[in-house]
Number of protein chains: 2
Amino acid sequence: MTRARTLKSRQKSKQDSSTLDIHAVARKANVSIATVSRTINRIPTVNAKLAKRVWAAIDELDYVPDTQARALGSGRSGMLGLVVSEITNPFFPELIQRFEDVAIENGYEILISSTNYDPKRMELGIQRLLQRKVEGVAILTFGLEQPLFQKLADRKIPLVFVDVGPDRPGISLLKIDYAHGIRQGVQHLAALGHRKIGFVSGPMALHSAQSRSTAFLKALDECGIEVRPEWQVEGDHTLGGGIRGMERILDCSSRPSALVCSNDMIAIGVLHKAYHVGIRVPSDLSIIGFDDIQIAKVMFPPLTSVQMSRIDLANAAVKALKAHIEGNNPLREYKIDTHLVVRQSTDYPPGAFGEKKPS
Amino acid sequence: MTRARTLKSRQKSKQDSSTLDIHAVARKANVSIATVSRTINRIPTVNAKLAKRVWAAIDELDYVPDTQARALGSGRSGMLGLVVSEITNPFFPELIQRFEDVAIENGYEILISSTNYDPKRMELGIQRLLQRKVEGVAILTFGLEQPLFQKLADRKIPLVFVDVGPDRPGISLLKIDYAHGIRQGVQHLAALGHRKIGFVSGPMALHSAQSRSTAFLKALDECGIEVRPEWQVEGDHTLGGGIRGMERILDCSSRPSALVCSNDMIAIGVLHKAYHVGIRVPSDLSIIGFDDIQIAKVMFPPLTSVQMSRIDLANAAVKALKAHIEGNNPLREYKIDTHLVVRQSTDYPPGAFGEKKPS
DNA sequence: CTGTTAGCGCCTTCAA
DNA sequence: TTGAAGGCGCTAACAG
């Protein structure tokens, strides 16, 4: 069966006569390719002398192993997928950065897919993740339709969701304690004397937006503050959503003295609109955001916000995925805390002292 | 030499008896794997009837071709690398998003690598790009040390740089016309009556920061405005850089009435610091940013900024890379325009009317 | 502990 | 136009 040793030379762009592959290294180091492979993979049973020769050869040739081939041979792609809603919302880059760092620390590469709230786009993204044979996927979209992830689940790819997800093996949840931070926010406002508090929510189709809204209503109740439906407006988690939300508030017959927002982008939109119509923050209106993104602290005034740690989120996500992949008894749920960061967008309600009402 | 047909069963996690690979599809469609491959790759010579059968089989089995294997077989990874400085600077996500969109439209996947201004991190990132066998890399870091990209160049991987880069085949440049937008900015200030104009630069190690600074000085000269070295302060392209830059300006014996900033993050930092010490914008101090990131327009006051189109940048980068990869006479340079967007952070200098100086 | 060798899943020439 | 079969570069039994 020995066939003519056809000098391998397909149309591919071979630079020199021999390709810079594991064979070249093996030749140079005078060992077998298996030894080279073992050395690269840091398998401890390799003779130190040989290993040194191998590394030297690698160095000299400037050899870089081909990840694709490695993945094919080993059956492990070494990639984690990360699905986010919208990369242009500053919350996500901060999350992505941390996720990437942690993933790399753990020997994984990441493949990012941003859905932009578009199911079609999301489906394509998932298709790509599938094709690249990701070993696990963190879906940090905060509530987009889960049916779309069915394909991933079908292939038994470990998954991490935020808040809620199917109760099946291979799936973990990052349970965010919205209630805690939001309660702190409402209590903070109540302590300042606010009784007229509104809420600009995210899209109610998003579970996370619902949770925040619910947490707000509950906190209001706990403080014995009346809920005014008119002051519960729905936006989306963008600047525009905040601006439109504020416009809705402006239309109210009577206006709230404080507004809690479902995320910082909304809060910034609200703030912007407020100034635009001459409402001063915090003297006329107190505002609380959610997420505590980086720019929150340099807004004018610096935004009081409920912080949700991107670091904790990313850490937990990678940790969960890794546990699933390696079979190290992954947890079903990972708790993520939230807490209030008080800055200057909240203050006493107007007229709290001496009824000085702005005209 | 015929060896026992060992039922393929390495430790790998095979789900069922047969893997869901191209063979399964071929079997189901009653064709050879070659035909399946051709069908998937949309090679026109495939009989329509067969193709239909193949697609049906693919659909039924929910088959997804393995990109890794495909890459190995074809020698094309289908990936483009994108190196950015700092994913948490809002300028970059806007760029990344567009780059990704365009890349996908053109059949490429992207691999992002953010350097965080850290050479070590950058080297690791490049290593990863190499391992993944990217077909081209856009280095949109605006000026980090190029020697680090030697490895990419050595392997003849098509490269795109911003502003400057080695003049070699396979390398294109995105030439940004900083001068135009910055001149507009300075002229705008001059027209308002400003004669005392300072500049908060980015790190001068960055070519793009130098270019902006140079463009500023040139524009000043063109307007016949005196350059005051004390008012040229160096920062970095972050919020902190802006805050520190403003602190340096505050230390000056006499203060400028307007400040041009090397990017929006600096401008926002400056704005923040200014308010912090009671300087009003734009009545006491006019500020111009650069980049025109999304949040610039919702700052208080909305930031006047020199816009550099992320869309144009991303489009040109992918276009250049694609031209190189496919050998379609790529251009050496692609021009990117900049222009001023006037908002409310610029106004007449203090005392322009009736010498009303704030105490 | 090292070397030999059979795949991994696909692409692509080659012969039919 | 289709099918058969040899790589692509690497990993991981298996035998020594």
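Bear in mind that the values here come from a model prediction, so they are computed numbers and not experimental data. Because only heavy atoms are used, hydrogens play no part in the values below, and waters and symmetry mates are left out as well, while side chains stay in.
- For A/H23 and D/dC8, the NE2 to C1' distance is 11 Å, given to the nearest whole Å.
- Note on the helix from C/dC1-D/dG16 to C/dA16-D/dT1: terminal axis deviation equals 40°, with five pairs used at each end and the result rounded to 10°.
- B/R132 approaches B/L111 most closely through the heavy-atom pair CG-CD2, 3.4 Å.
- Residue A/E326 qualifies as enclosed at atom CD: its count of foreign heavy atoms under 6.0 Å is above 12.
- Rounded to a whole Å, the CZ atom of B/R132 is 17 Å from the P atom of D/dG9.
- The two residues B/R121 and B/S114 come nearest to each other via the heavy atoms NE-O, 2.7 Å.
- Checked for salt-bridge contact, B/E105 and B/R98 miss the test: no charged N lies under 4.0 Å from a carboxylate O.
- Panel note: side chain A/N41, backbone A/S37; a donor-acceptor pair is recorded below 3.5 Å.
- At whole-Å resolution of the value, CG in B/L20 and P in C/dC8 are 14 Å apart.
- Looking at every heavy atom in both residues, B/L313 comes nearest to B/L95 through CB-CD1, 3.8 Å.
- A/I22 places its CD1 atom 11 Å from the P atom of D/dA12, with the value rounded to the nearest Å.
- Rounded to whole Å, the distance from CG on B/D21 to P on C/dG9 is 6 Å.
- Under 4.0 Å is where a charged nitrogen must lie from a carboxylate oxygen, and between B/R27 and B/E60 no such pair does.
- The distance between atom CZ of B/R76 and atom P of D/dC8, rounded to the nearest whole Å, is 18 Å.
- When all heavy atoms of A/L140 and A/F92 are compared, the pair lying nearest together is O-CE2, 3.3 Å.
- Across the protein-nucleic acid pair, B/L72 atom CG and D/dC8 atom P stand 10 Å apart, rounded to whole Å.
- Residues of residues 28-53 of chain B that place a heavy atom closer than 4.0 Å to DNA chain C, in numerical order, are B/I33, B/A34, B/S37, B/R38, B/N41.
- Atom C1' of nucleotide D/dC8 and atom CZ of A/R70 are separated by 16 Å, given to the nearest angstrom.
- Closest heavy-atom contact between A/S172 and A/H324: OG-CE1, 2.8 Å.
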